[in-house]
Visitor: 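Before I ask anything, here is the structure I am working with.
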Amino acid sequence: MTIKLYNTMTRSVDEFHPLHPPVVSLYTCGPTVYNYAHIGNLRTYVFEDILVRALKLAGYQVNRVMNVTDVGHLVSDADSGEDKMEKGARREGKTIQEIARSYYDAFVADMNRLNLLPPEQWCWATDEIDTQKAQVEALAEKGFTYVIEDGIYFDTSKFPDYGKLSGQNLEDLKAGARIEPAAGKKNPTDFAVWKFSPKNEQRLMEWPNPCGIEGKGFPGWHIECSAMAIKYLGETLDIHCGGIDHVKVHHTNEIAQAEGALGHPWCRWWMHGEFLTMPKDDGGGKMSKSSGEFLTLAVLIRNLLQRGVSSETDAALSYRYFLLNAHYRQQLTFTWDGLEAAANAYKNLKRAVLELRASYTGGETPLADHENKFNEAVLDDLNMPRALAAMWTVIKADAPAGEIYATLLKMDEVLGLGMAEMEEEALAIDPAEIEKLLEERTAARQEKNFARADEIRDQLAEQGIEIMDAAGKTTWRRL
RNA sequence: GGCGGCGUAGCCAAGUGGACUAAGGCGACGGAUUGCAAAUCCGUUAUUCGUGGGUUCAAAUCCCACCGCCGCCUCCA
C-alpha cells in the first residue's frame with residue numbers, strides 16, 4: 001500500500017517511498033529534559049506515533065531515532081542566556097544528571113500512558129559530544145564557520161539554500177528581524193555550532209573545544225540533532241519530524257549544518273505537527289514550556305478522574321482520542337469541554353469493544369470493506385478524523401460481532417487506543433453482595449415498594465455499579 | 001509592520017471544483033423499553049459551508065473585497 005504524506009519542504013502531499021525499502025529511517029526531535037512535557041508537546045509525539053504506525057501499516061519497517069537534549073539549549077534568543085539544563089538544576093537544587101534522568105523518566109511514563117511506541121534508538125546529547133565536535137570540525141574545514149568571542153558560528157551566507165524549508169530567503173529574514181543580532185555575528189541568521197564557556201562563570205557542563213581552540217565549551221543546540229541523526233541513520237534520512245515551530249529556526253539550521261558538512265542533500269521528507277493552543281479566556285495562545293505555566297498529562301488525568309473518568313488509563317487515552325479527532329496539520333484548541341466530549345466518546349467506545357469482545361473467538365477475520373476505508377484514510381496523510389469515522393461505522397455495522405471486533409483490533413494497530421487491553425474496572429463491592437441486593441430489590445419491586453428499590457439502585461450506583469432492568473431479569477455492570 | 005493558516009450544525013471536526021440531497025464524535029430532542037430511571041435500539045438535529053461580489057454548465061471547494069480568529073517573525077512541540 002502506498003502512503004501519501006505532506007512534505008513541509010515541497011508544501012504538498014505526495015506519495016512517500018523510502019530510499020531503502022522496506023526500512024524507513026525516521027528522526028524525531030525529542031524533549032529537552034529540564035521540566036515536564038506539557039500536553040502541547042505531547043500532541044507532536046502522538047502525531048509522530050501515528051506516523052510510525054501508518055508507515056507500518058503501509059508495510060514498512062521503521063527505524064526511528066529520538067534524541068534527549070540535556071545540554072546546550074539556551075533559555076534566551078540569539079545564542080545568549082543560560083543553558084536550560086543548568087537553570088533547571090539550579091532551580092531544583094539537584095545535579096544536571098539528576099534532573100535529566102527524572103524528566104526523561106517522566107517523559108517515558110507519559111509516552112507509555114499515551115500508548116506511544118518507543119523509538120528504536122534513544123540518543124543523549126551529552127553522550128555524543130565527540131560526534132558533534134566532529135561535525136563542527138567538518139564545517140570548519142569546509143569554511144562554513146567563523147570564530148568570534150563567544151563561540152564558533154555558522155555563516156549562513158555561505159549556504160545558498162539557507163531558509164529553503166520555511167520558504168524564506170536571507171533578505172526576507174534580515175528585513176523581518178526584530179531582535180538585535182548578537183555582537184560579532186556576520187548575519188542575523190548565523191547561529192552558534194559551539195559555544196565557549198563564559199570567562200567569569202563556571203559552567204556545570206563543558207568539554208574541550210573543537211578545532212584546536214584552547215579552552216572549553218559546549219555544543220550549540222542545533223548541532224546535536226544533525227550530528228546524531230547522521231551517526232545513527234546515515235547520510236540520507238527518509239523523514240525528519242518535529243513541531244511546527246521548528247521549521248524556521250531549528251530545522252532550518254540543522255539543514256544548513258548537515259548539508260554543509262555532508263555536501264549533499266540530507267532529509268528526503270520533513271513533517272511537522274501543528275500546535276495545540278489554549279482558548280483566550282484561559283490564558284490564550286499556545287502553551288509555553290519555558291514560561292513554566294503549562295498543563296501536564298498528570299494534571300489532565302487528575303482532572304478527568306474528578307470528572308468521573310474511571311481510570312488513569314482511560315483518562316490518558318481519552319486525551320489521545322481527543323488528539324486523533326483533529327488532523328495533525330490543523331491547530332487544535334484545547335478546552336475541558338472538548339476533552340470531556342472525547343472522554344465520553346472513549347467510554348462509549350470501550351463499552352462497545354467489551355460487548356463485541358464477548359462474541360469473539362479469535363478466528364474471525366476483519367471486514368475488508370471497513371478495513372479498506374480505514375486504511376485509505378490513514379494512508380492519506382494521516383487523516384485520523386476520517387479513520388475514526390470508519391471505526392464508528394464498523395462498530396454499527398450489520399455484521400457478526402466477532403468480525404467487527406476483529407476489524408477493530410486491526411484498526412487499533414494504528415489508533416493505539418488500547419482496545420485489546422480494555423478491561424472492566426475492579427469492583428469496589430463483592431459480586432455476591434450485589435446479587436443479594438438485587439434479589440432484595442426485585443422482591444421490593446414486586447411488592448411495589450419502589451422507594452426501597454430505588455434506594456438500593458442508588459446505593460449500588462455510588463459503588464460504581466449500574467443495574468439494568470431488562471424483561472424479567474435484572475443484570476448489572478460497572479459504570 | 002512582514003509571513004503563513006483558519007472561519008463548516010449547540011460544541012469538536014472531516015470534506016477543498018461534479019458520487020455533497022456536506023462524514024464521524026460529543027451534546028440535545030422525540031420514540032421504543034421501564035414502576036420511574038439508566039443502559040440499549042430507532043429516529044430527528046447545517047437546503048447549507050464567516051459576509052458580499054465574481055469565474056464556471058457546476059463552488060463549502062477557484063478569484064477579489066470585507067469582517068473575525070490564530071500562529072510565526074524570540075527559547076519553544
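Sequence lines set the chain letters: A, B, ... in the order given, protein chains first and strands last, and positions in each chain run from 1.
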Visitor: So which one's nearest nucleotide on RNA chain B is more toward 5', Phe322(A) or Gly243(A)?
Guide: Phe322(A)
Visitor: Between G35(B), C75(B), G27(B), which nucleotide gets closest to the side-chain atoms of Ala453(A)?
Guide: G35(B)
Visitor: Which base, if any, makes a Watson-Crick or G-U wobble pair with G10(B), both distances under 3.5 Å?
Guide: C26(B)
Visitor: Considering non-hydrogen atoms only, spot the tightest contact between Ile99(A) and Gly88(A) and give its length.
Guide: CD1-C, 3.7 Å
Visitor: For C66(B), which nucleotide is its Watson-Crick or G-U wobble mate, given both distances must be under 3.5 Å?
Guide: G50(B)
Visitor: Between the side-chain atoms of Arg457(A) and the base atoms of C36(B), is any donor-acceptor pair under 3.5 Å?
Guide: yes
Visitor: Write down the distance separating the P atoms in A19(B) and A58(B), rounded off to the nearest Å.
Guide: 15 Å
Visitor: Could you work out which one of A39(B), C26(B), G24(B) sits closest to the side chain of Ala389(A)?
Guide: G24(B)
Visitor: Starting the side chain at C-beta, find the nucleotide from A77(B), C26(B), C12(B) nearest to Ala341(A).
Guide: C26(B)
Visitor: Who does U61(B) pair with, Watson-Crick or G-U, both distances under 3.5 Å?
Guide: none
Visitor: For a quick check, tell me whether the side chain of Arg441(A) and the base of G35(B) share a donor-acceptor pair closer than 3.5 Å.
Guide: yes
Visitor: In terms of side-chain heavy atoms of Asp469(A), which of C36(B), C26(B), A23(B) is nearest?
Guide: C36(B)
Visitor: Side chain of Arg351(A) only, please: which of U40(B), G25(B), A14(B) is the nearest?
Guide: U40(B)
Visitor: Is any side-chain nitrogen or oxygen of Lys248(A) closer than 4.0 Å to OP1 or OP2 of A77(B)?
Guide: no
Visitor: If you go through the side-chain atoms of Asn344(A), does one of them form a donor-acceptor pair with the base of G27(B) closer than 3.5 Å?
Guide: no
Visitor: Give the rounded distance in Å between these two atoms: CD of Gln331(A) and C1' of C6(B).
Guide: 8 Å
Visitor: Taking side chain as C-beta onward, heavy atoms only, is Met271(A) less than 4.5 Å from Ile239(A)?
Guide: yes
Visitor: Are the ring centres of Tyr346(A) and Tyr321(A) closer than 6.0 Å?
Guide: no
Visitor: What is the distance, to the nearest angstrom, from the CD atom on Glu274(A) to the C1' atom on A14(B)?
Guide: 17 Å
Visitor: Looking at Lys347(A) and Asp314(A), is any side-chain nitrogen of the basic one under 4.0 Å from a carboxylate oxygen of the acidic one?
Guide: no
Visitor: Between Arg445(A) and Leu42(A), who's closer to the 5' end of RNA chain B by nearest nucleotide?
Guide: Arg445(A)
Visitor: On the nucleotide C26(B), are OP1 or OP2 found under 4.0 Å from the side-chain N or O atoms that Asn325(A) carries?
Guide: no
Visitor: Round to a whole Å and report the spacing from NE2 of His250(A) to C1' of C75(B).
Guide: 12 Å
Visitor: Rounded to whole angstroms, how far apart are CD on Gln330(A) and C1' on G5(B)?
Guide: 8 Å
Visitor: Identify whether the distance between the nearest side-chain nitrogen and carboxylate oxygen of Asp369(A) and Lys373(A) falls below 4.0 Å.
Guide: no
Visitor: Compare the minimum distances between each of C26(B), A14(B), G25(B) and the side chain of Tyr321(A), then state the nucleotide with the smallest one.
Guide: G25(B)
Visitor: Does the structure show a Watson-Crick or G-U wobble partner for U33(B), both distances under 3.5 Å? Name it, or say none.
Guide: none
Visitor: Could you give me the CA-CA distance, side-chain angles and deciding distance for Thr69(A) and Glu224(A), then say whether side-chain contact (heavy atoms from CB on, under 4.5 Å) is met?
Guide: CA-CA 8 Å; Thr69(A) 299; Glu224(A) 63 171 274; 3.0 Å; yes
Visitor: Distance check needed: C75(B) C1' versus Tyr34(A) OH, whole Å only.
Guide: 7 Å
